[in-house]
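Structure first, then comments.
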Amino acid sequence: MAAKRSTPSDPSDSISSVMKETRLFPPPASFAATAHIASFAALKKLRAKALRDPEAYWDAQARELEWFAPWKRTLQWKHPHAQWFVGGKINVSVNCLDRHCATWRKNKAALIWEGEPGDTRTLTYAQLHREVCRFANVLRSLGVKQGDVVAIFMGMVPEAVIAMLACARIGATHNVVFGGFSSEALRERINDSKAVLLITQDAAHRRGDKVHLKKASDAALSECPTIEHVVVVQRTDERTAMKGGRDHWWHELMDAASAVHAPAKLSSEHPMFILYTSGSTGKPKGILHTTGGYITQVASTTKMIFDLKDDDVFFCTADIGWITGHSYIVYGPLANGATIVMYEGAPNHPEPDRMWSIVERHGVTIFYTAPTAIRSFMKWGESWPRKHDLSSLRLLGTVGEPINPEAWMWYHTVIGGKRCPIVDTWWQTENGAILISPLPGATPTKPGTATLPMPGMDIDVVRKDGTSCKPNEGGLLVVKHPWPSMLRTIYGNDERYRQAYWSEFPKSRTCAGWYFTGDGARRDEDGYIWIIGRVDDVVNVSGHRLGTAEVESALVSHRSVAEAAVVARPDEIKGNVLVAFVTLKTEAARGADLVTLREELRDHVAKEIGHIAKPDEVRFTEALPKTRSGKIMRRLLREVVAGAAISGDTTTLEDLSVLEKLRSGDDE
Ligand code: PRX
């Protein structure tokens, strides 16, 4: 069912795309009639104008926001470091809250929240504003200063949104760590960012069970010297150990806090948040985003791509622990004064129709999710959405990985009733905002492509030598001009920032120095961009990005493991799953119970990183295929797990018999 895709092992491999899709879906006339950008011609004109003068384009977008002081320079570009709206002063929480509270939107629902057990809470803009001001005062009273890092390790509860906005209000840099991560992963992210305060909750509801976030936090904090205070939201009736002097209940602090707070006047380049993501080497990267450029591009893309109107109800199913949750649950929709729906739990709890029940009960008009979720919905069957009235929906979106045309068609037909346009949005944690997407009232779509770069974006598919690819020729996806919501650096490691994104196409006589996305792509004859997949050792599992090196280093931290190589195998639901090849230490291999050890290793990875990183399969082997210089040939392992015939060059392989054994499976 999942579309075939090729994920070459390194950029020097040739990139080929096997997808052929010719169906074209023009925007429905009724949708275009009221859309912000209402025709393809208008979009083309806007893109051409913005490409001629990107700074003027972004300047106009930034003017849509409220600034305390105007900027003196739109862009200051010293390759590879950008500063946007230099000299401008702004506060993101003011743009998301105060400016709406000064209008009729004051009593409009900002956040409709639904807990997994079925409880609900609605916060109007005025109520959300009060909560954010109070928590801003709480943070200040605990000694948090402008520029301090605050870690947030929470489930999907309204307090997580309040905490993020309160950080933005006082100028603290938030570091949200996905609630599904292990305590080891949390510890690493707290220590790398030197966070001074942690906000967490007793436990989160998930699939009828509880995830013990405070317990995991306590385990992490045994070795986090920079944390001074912990604020704990009481979400459940779990008994929770509180450490005197360090731990505080959210509700107690909030009861005592004033709802009046003067927002910090922050410079446009003030560090707004750090979000860790996987790279092709072991340690996760702390992606640093700043203030003015981020909110400008996030607000503008939300309005255009989701064609946001005041009567829309916007439901993004991402977790706030990922960039999609940051940009398209919290900041983009609220900056536009929208109503957001936020759901705490699993999509199939108590039954597989939970999402559709939410859509029906809250009158959701825009639904934004990931292809992996759509494939699960397909597997659960049409009968679940058919039980509900989905006629409130007018627009659908996807993000996170290539969507296979079958899933696109299912989404279009079963969920969208053939009337809703689909926006397939391509972007990355590093980008901050969507960079490639159709506009729903303007762009004719084809199942499986994110179509065209957004206005203001200069994006190309190029060969290794930097020349542009011909139509339908596979190449590397690059961004040629800086954009406002781009990452500014990797926190604490600028050298890695230069290496990871700017070394593939460095500044030279013929090249201005381009940002390399890590993705392979092709452009079809209409200029539409088709993502082929990652060209580095990063794998997309259920729309989450995982560095195989990270999983390998977790495996080798187990006492029995000598060496490990992790590769992806295409999977119908998850896009990819991980397969680990493991060699054992001689002592451990002797008389080992491999069935038990296999489970132990999978659990070990879950403990080190989190459940999302758990390999689907662990294969024991006596040796791994290596080049003569000792580099593991992951390309060959990928072919082994795909069951494909080994193709390409094996002449550099040190010991060919290793490969034969892996293929015949007699290595155990
Ligand atoms: O390979 C691309 C894939 O997800 C990667 C970025 O992952 P992450 O930083 O976790 O952000 C995911 C959510 C923004 C990209 O390098 N990707 C993301 N969106 C798409 C996609 N691949 C194809 N089509 C998309 N729409």
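These numbers come from the heavy atoms of this one structure, side chains and all, not from hydrogens, waters or symmetry mates. Whatever order the structure lists ligands and atoms in, that order sets their numbers, starting from 1. Predicted model, so just to flag it, every value in this text is computed and none were measured.
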Return a yes/no value for Thr398: is any of its N or O atoms, backbone included, closer than 3.5 angstrom to an N or O of ligand 1? no
Evaluate Thr425 for polar contact with ligand 1, using N/O atom pairs at a separation under 3.5 Å. yes
Which atoms of ligand 1 are found less than 4.0 Å from any heavy atom of [X]?
X: Val399; answer: 13 (C), 14 (C)
X: Thr324; answer: 13 (C), 14 (C)
X: Ile531; answer: 22 (N), 23 (C)
X: Arg545; answer: 6 (C), 7 (O), 8 (P), 9 (O), 10 (O)

Have a look at Thr369 and tell me which of Thr317, Thr324, Ile415, Thr398 forms a side-chain contact (heavy atoms from CB on, under 4.5 Å) with it. Thr317
Between [X] and [Y], is NZ or CZ placed under 6.0 angstrom from the six-membered ring centre and within 45° of the ring axis?
X: Arg189; Y: Phe181; answer: yes
X: Lys44; Y: Phe40; answer: yes
X: Lys285; Y: Tyr276; answer: no

Any heavy atom of His544 under 4.0 Å from ligand 1? The part involved is neither
For the backbone of Ala151 and the side chain of His174, can you confirm whether one donor and one acceptor N or O come within less than 3.5 Å of each other? no
State whether the side chain of Trp84 and the backbone N or O of Trp483 hold a donor-acceptor pair below 3.5 Å, judged by distance alone. yes
